[in-house]
Amino acid sequence: MDTDITGDAETDLPPPVSDDLDDNGFPILPPTAAATSSFADDFYRSGIDWSSLQLQAAPPHQRNPAAGTKAKCGGPLVQRSLFQAWGIEKPPREEAAQGVRAAAGVSSSSASHSGTWSGRKRRWGGDSEENGVAKKPATCPFYKKIPGTPFTVDAFRYGAVEGCSAYFLSHFHYDHYGGLTKKWCHGPIYCTALTARLVKMLLSINSEYICPLELNTEYVIDGVTVTLLEANHCPGAALIHFRLSDGKTYLHTGDFRASKSMQSHPLLQTGRINLLYLDTTYCNPKYKFPPQEDVIDFVVRTAQRYLKKQPKTLIVVGAYSIGKENVYLAISQALEVPIYTDASRRRILHSFGWPDLSKRISSCDQSSPLHVMPLASVQHEKLTKYLETLNQRFLAVLAFRPTGWTFSEAAGKELDLIKPSSRGRVTIYGVPYSEHSSFTELRDFLKFVRPQKGL
DNA sequence: GCGATCAGTT
DNA sequence: CACAACTGATCGC
């Protein structure tokens with residue numbers, strides 16, 4: 001039977017569901033006596049879209065009712081191994097530990113997000129609740145709230161969040177802005193200027209709610225000092241650094257790709273992060289991928305090679321709405337050709353305000369051998385049709401899918417071992433170009449940041 | 001018609 | 001395969 005996680009925040013213990021252990025041995029809901037309010041419990045109970053995680057302090061202290069409240073009892077954080085941090089002994093199977101993902105592709109619903117962990121479907125969030133609990137959007141999960149502040153991050157699908165007077169948006173990807181519509185009226189939205197432009201342009205949010213912030217600049221918002229840092233994820237993506245009036249410092253990474261250069265930021269060098277909200281998409285050593293520059297270099301060399309053999313080759317790069325720009329920008333620069341893409345993407349790319357990108361964008365598909373398309377279009381059948389469309393201007397297609405995760409061991413370490421898939425005149429390369437941190441990058445970042453070491 | 005949610009896709 | 005980030009279909013009003 002379904003339980004309602006949308007219930008009031010005061011509901012400490014939702015009634016147990018039928019199958020209450022997932023494949024990894026996590027309690028879906030604490031079996032009665034399980035007084036353990038472990039991180040995993042809270043995590044699982046809080047629903048959906050794990051957009052960022054809070055690495056909580058060591059001892060699973062006294063059960064903390066209302067997982068979502070700001071009564072975060074400020075327990076110190078100790079970062080141990082990533083697995084230990086969530087009480088995962090050892091991944092029983094391969095997919096075991098991968099999970100602690102932020103922002104799983106789990107949609108807004110309050111249902112079945114455990115799919116990412118176990119592949120088993122489960123429902124536990126029916127809105128139509130029997131016992132008279134008013135139906136409302138799923139409650140904002142605890143890990144999207146910043147304790148001790150009236151802030152949430154990437155929490156737009158819960159209507160007005162109680163106690164929230166400022167809503168932060170880490171970056172403009174659907175799984176993070178989901179819920180934002182032109183009817184938004186629950187409070188100011190803080191984000192980078194670039195993200196702000198996209199929010200306004202594509203979601204028609206009323207300007208009065210949009211509050212752009214410059215990177216690397218301190219703002220005092222509701223008594224909290226807030227600084228946005230470059231996240232190295234997609235254009236406009238930011239890490240959010242909070243300094244509370246009591247001196248506590250929190251870092252919310254959103255989605256990010258950790259890098260050495262990040263470590264030179266003054267705010268991260270103080271060693272004074274009390275609480276870390278981490279993007280752990282690839283929180284498993286099995287995910288390896290090379291530095292972005294290496295992948296870009298590989299893509300460029302490959303494109304050049306194909307063009308040499310067949311000058312009438314069309315190069316296609318797949319991309320989501322935003323992200324992966326550097327892949328096609330690099331090709332454009334190396335081959336000295338413009339970038340063609342459709343009108344809607346042109347509008348988005350121009351809105352970045354990046355002259356080096358804007359000046360290379362073309363609106364004529366015949367004039368450029370470099371086309372950017374939605375990832376979903378980068379498949380043999382669609383590209384074959386597309387090629388016909390272009391009417392003899394091109395004789396072959398070389399396409400890249402920057403996928404971000406590596407299935408083949410090979411691609412992780414030796415790019416030149418990547419085998420393309422060819423059908424007829426269409427060749428497709430999956431390349432491990434990631435805009436999330438790899439496991440080792442995550443580990444190095446944690447070692448550097450050392451959330452609350454020694455308190 | 002619109003938003004919210006679910007299912008499906010690469 | 002598994003993953004992020006959609007996209008489209010269906011539901012409820």
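Chain A is the first sequence line, chain B the second, and so forth, proteins listed ahead of strands; every chain is numbered from 1.
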Query raised in the report: Between A/Lys382 (NZ) and C/dC6 (P), how many Å, whole number?
Result: 16 Å

Query raised in the report: Would the A/Phe242 and A/Phe168 ring centres measure less than 6.0 Å apart?
Result: yes

Query raised in the report: Between C/dA4 atom C1' and A/Tyr177 atom OH, what is the distance in whole Å?
Result: 13 Å

Report summary line: A/Asp175 CG to C/dA5 C1', in whole Å, measures 6 Å

Query - Nucleotide of B/dG3, C/dA2, C/dA5 approaching A/Tyr287 most closely (side-chain heavy atoms) - result: C/dA2

**Report entry** A/Glu214 atom CD, neighbour heavy-atom count above 12 within 6.0 Å
**Finding:** no

Query raised in the report: C/dC3 P sits how many Å from A/Tyr433 OH, rounded?
Result: 21 Å

**Report entry** For atom CD of A/Glu381 and atom P of B/dT10, their distance in whole Å
**Finding:** 10 Å

Query raised in the report: Side-chain N or O of A/His233 less than 4.0 angstrom from OP1 or OP2 on C/dA5?
Result: yes

Query raised in the report: Has A/Arg425 got more than 12 heavy atoms of other residues, nucleotides or ligands less than 6.0 Å from its CZ?
Result: no

Report task. Compare side-chain N and O positions of A/Ser321 against OP1 and OP2 of C/dC6 and report whether any pair is under 4.0 Å apart. Result -> yes

Requested in this report: Tell me which nucleotide among B/dG3, B/dT10, C/dA5 gets nearest to the side chain of A/Arg401.
Outcome: B/dT10

Query raised in the report: Would you say a side-chain N or O of A/His436 is under 4.0 Å from OP1 or OP2 of C/dA5?
Result: yes

Query - Distance, rounded to the nearest Å, where A/His380 contributes NE2 and B/dT10 contributes P - result: 13 Å

Requested in this report: Determine: side-chain N/O of A/Tyr174 to OP1/OP2 of C/dT7, distance under 4.0 Å, yes or no.
Outcome: no

Requested in this report: With side-chain hydrogen bond (donor to acceptor under 3.5 Å, both in side chains) as the test, would you mind laying out the steps for A/His436 and A/Tyr287 before giving the verdict?
Outcome: CA-CA 11 Å; A/His436 290 277; A/Tyr287 297 112; over 6 Å; no

Query - Separation of atom CG in A/Leu198 from atom P in C/dC6, rounded to whole Å - result: 11 Å

Requested in this report: Ignoring backbone atoms, test whether A/Thr281 places a side-chain nitrogen or oxygen under 4.0 Å from the OP1 or OP2 oxygen of C/dA4.
Outcome: yes

Query - Distance in angstrom units between A/Gln379 CD and C/dT7 P, rounded - result: 13 Å

Query raised in the report: Would you call the rings of A/His173 and A/His171 parallel, tilted or perpendicular if under 30° counts as parallel and over 60° as perpendicular?
Result: perpendicular

